[in-house]
Amino acid sequence: MAEVLVHVDHVDGAVRKTTAELLTIARRYGEPSAVYLGKGYDSAREALARFGAAKVYLVEAPELDQYLVSPHAEALAQVARATQPAAVLIASNPEGREIAARLAVKLDSGLITDAVDVAEGFVTTQSVFAGNYTVQARVTKGTPVITVKANSVAPEPVQTTPVEERFDVAFPDTALQARVVERANRERTGRPDLSEAAIVVSGGRGTGGDFGPVEQLADALGAAVGASRAAVDSGWYPHAYQVGQTGKTVSPQLYVACGISGAIQHKAGMQTSKTVVAVNKDAEAPIFAMVDFGVVGDLRSVLPQAAEEIARRKG
Amino acid sequence: MRIVVLVKHVPDATADRTFDPADNTTDRAGVDGLLCELDEYAIEEALKLAEDRDADVTVLTMGPEQASDALRKALQMGAHDGVHLLDSALHGSDAPATSLVIARALERIGSYDLVLTGMASTDGGMSVVPAMLAERLGLPHIGFVGELSLADGTVRGRRDGDSASETIEAALPAVVSVTDQINEPRYPSFKGIMAAKKKPVETWSLADLGVEPAQVGLSAAWSAVESFTERPARGQGEVVTDDGDAGRRLADFLAQRKFV
Ligand SMILES: Cc1cc2nc3c(=O)[nH]c(=O)nc-3n(C[C@H](O)[C@H](O)[C@H](O)COP(=O)(O)OP(=O)(O)OC[C@H]3O[C@@H](n4cnc5c(N)ncnc54)[C@H](O)[C@@H]3O)c2cc1C
Ligand SMILES: Nc1ncnc2c1ncn2[C@@H]1O[C@H](COP(=O)(O)O)[C@@H](O)[C@H]1O
């Protein structure tokens, strides 16, 4: 069976949930091989073994942290040339898409981004035009390079003892041009990661700047917190939490929009959520057209009451 | 110095965008098009950089006849000249082909220092053309930049990624894609609209670029849309008006759906 390469998405060895999802997809259609780039493998080993990586290709060059994107694409290309995989799977985040873009050019291969599912023959499903259409597509040239969105499949644990293979990569000068001169890792909030969370509770302009009720409901549900661009532009919540066309696209099991009107650019980031709930004091707000459950009311009273009731039920 | 801004003409996102059932490509005829709003940030940034130094701003688009509207808007905002890559063989080109054609066009322009792009086109929205372009030209690329400065032949950008905020430096020439955090795009002024009428726009065909028709377009695409289906509109669920216990009713709903 041919190998399917999975680019491991991690922060200094902390493997993100999407990688487990990609390994799950890879295992359906081939031999799942993880490609681990950068430092911190010792902390990642266990997570990769738990989600069924049969092999791990390990590249530990310092250039991977010193320069942006390019060395990752170069390392991945060299592993791909050596292994001739059936496909390469990469997480669909900004960096993943850029790695995929360069990799596709290097391998002379077709590329599909933002898949929400991958079927036999690497036929992908994508959700396009703000979620109004579902598209089936396939790479027709070279090695399919596919970026897959978080929460596309449920990760299935399978314990393995991966074969580890160190890979030496010589980087051409063109891969070492965009130099990282400063890096500030984002502070952990203790809440789940926005793009991976099963539940997201978002606040908009209707919070009036107080995200307290939004965070209270999020914590009652064990959810991540998101924000509309209006809330971010007002300085009420950091940009990293923006949901929408120019923020994160999320597809959680449950999305709760609080004090958010439902502009098309916001919907573009959450339309594939399985269940949508909105709390808004304006019954005419466009967001209500897409809800499974909606409350016309003031979020400042509705959210705390819901949070308390949830806490009571949980006991 | 010369700054080239890549602008795309896209179907209006507020209209009912769809596909052409004949060949599964984006329908660019049935829906009004406009300058991709995310590219306005790249134009604005180029204009601001040009104001502070002696620089020309060239806007470049690849697209059908009506894509010249996107160039015109950019010229009205203040760009100096335009290039339209126009050829019937380009219909259905995917990102690898688009980046190939734009790379050849940049080589033809020759003396450029900075290529600015939007963070994504609002139709395809792959955010891959800038990185592909940089790969083809052997240039550095800084993507998703929310703050940008130029000094001594070096570009410096702040990139707010998923897990970190990074400052990146690269020597010019470089490709930089900018986000909507970077500035507030200007509206064309009356003066700008009048002035744009006299600004030069060149139209280049594939032959001008030395690209074979067989390298681009739908038949050469490296990926293919096999089918598309309109997603059933989300039916509206129950909407209740709060009369004092809607929070509890919301909790009931969430419990029913097993979220609690
Ligand atoms: C290029 C571009 C990119 C963009 N990208 C994004 C993006 O990525 N993400 C994004 O979100 N937006 C984006 N936008 C902005 C988008 O168009 C909207 O302006 C934005 O989503 C509005 O945010 P909002 O719903 O919080 O605010 P508003 O539209 O002002 O809605 C606020 C809502 O809160 C309700 N409300 C007020 N008070 C209360 C209360 N006490 N209780 C309950 N409800 C209350 C109101 O009834 C109203 O419906 C983008 C725009 C552009 C031009
Ligand atoms: N056909 C095109 N003509 C000009 N610029 C383009 C074209 N396609 C993409 N671009 C540029 O590349 C950016 C990213 O596009 P995309 O990779 O399609 O999301 C856009 O914001 C544009 O700046």
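Reminder, nothing fancy here: chain letters follow the sequence lines and each chain counts from 1. Below, all heavy atoms of this structure are taken into account, side chains as well, without hydrogens, waters or symmetry copies.
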Side chain of [X], backbone of [Y]: donor and acceptor closer than 3.5 Å?
X	Y	value
A:E196	A:A150	no
A:T275	A:L254	no
B:S177	B:T117	no
A:Q177	B:G138	yes

Does any heavy atom of chain B fall under 4.5 Å from the side chain of [X], the backbone, both, or neither of them?
X	result
A:L111	both
A:V181	both
A:I264	side chain
A:E308	neither
A:K274	backbone
A:R138	both
A:V123	side chain
A:K248	side chain
A:T134	both
A:A289	backbone
A:V11	side chain
A:V295	both

Portion of [X] that has a non-hydrogen atom of chain A nearer than 4.5 angstrom:
X	value
B:D243	neither
B:L133	neither
B:A224	both
B:A174	neither
B:M119	side chain
B:L100	neither

Considering only heavy atoms and a distance below 4.5 Å, find which of [options] pairs most often with chain A.
options	result
B:R158, B:E166, B:E135	B:E135
B:L38, B:T229, B:V225	B:T229
B:L139, B:T179, B:V129, B:D160	B:L139
B:A170, B:A171, B:A131, B:P140	B:P140

Output the option from [options] having the highest count of non-hydrogen pairs under 4.5 Å with chain B.
options	value
A:R312, A:E187, A:Q242, A:Q271	A:Q271
A:S92, A:G297, A:P144, A:A178	A:A178
A:V302, A:D292, A:V139	A:D292
A:R186, A:E309, A:E95	A:R186
A:L68, A:T174, A:N185	A:L68
A:S109, A:A240, A:P172	A:S109

What I want to check is whether the side chains of [X] and [Y] have a donor and an acceptor closer together than 3.5 Å.
X	Y	result
A:H239	A:D233	no
B:D123	B:S121	yes
B:E169	B:T154	no
B:R136	B:S99	yes
B:N183	B:E45	yes
A:E74	A:S70	no

Exercise for the section: Before giving the answer on salt bridge (charged side-chain N to carboxylate O under 4.0 Å, His left out), spell out for A:R16 and A:D193 the whole-Å C-alpha distance, their side-chain angles and the decisive distance to 0.1 Å. Expected result: CA-CA 9 Å; A:R16 308 181 88 186; A:D193 188 272; 3.1 Å; yes

Practice task
Could you grab the distance from atom CZ of B:R159 to atom CD of A:E182, nearest 0.5 Å is fine?
Solution key: 15.0 Å

Problem - Ion pair B:D242/B:R249, N-O distance below 4.0 Å - result: no

Problem - Over 12 non-hydrogen atoms of neighbours within 6.0 angstrom of CZ in B:R186 - result: yes

Exercise for the section: Kindly determine whether A:K141 and A:D108 satisfy salt bridge (charged side-chain N to carboxylate O under 4.0 Å, His left out), including the steps that lead there. Expected result: CA-CA 8 Å; A:K141 184 178 174 199; A:D108 226 3; 3.7 Å; yes

Handout entry: B:F253 and A:F293 aromatic ring geometry - parallel, tilted or perpendicular at 30°/60° bounds
Key = parallel

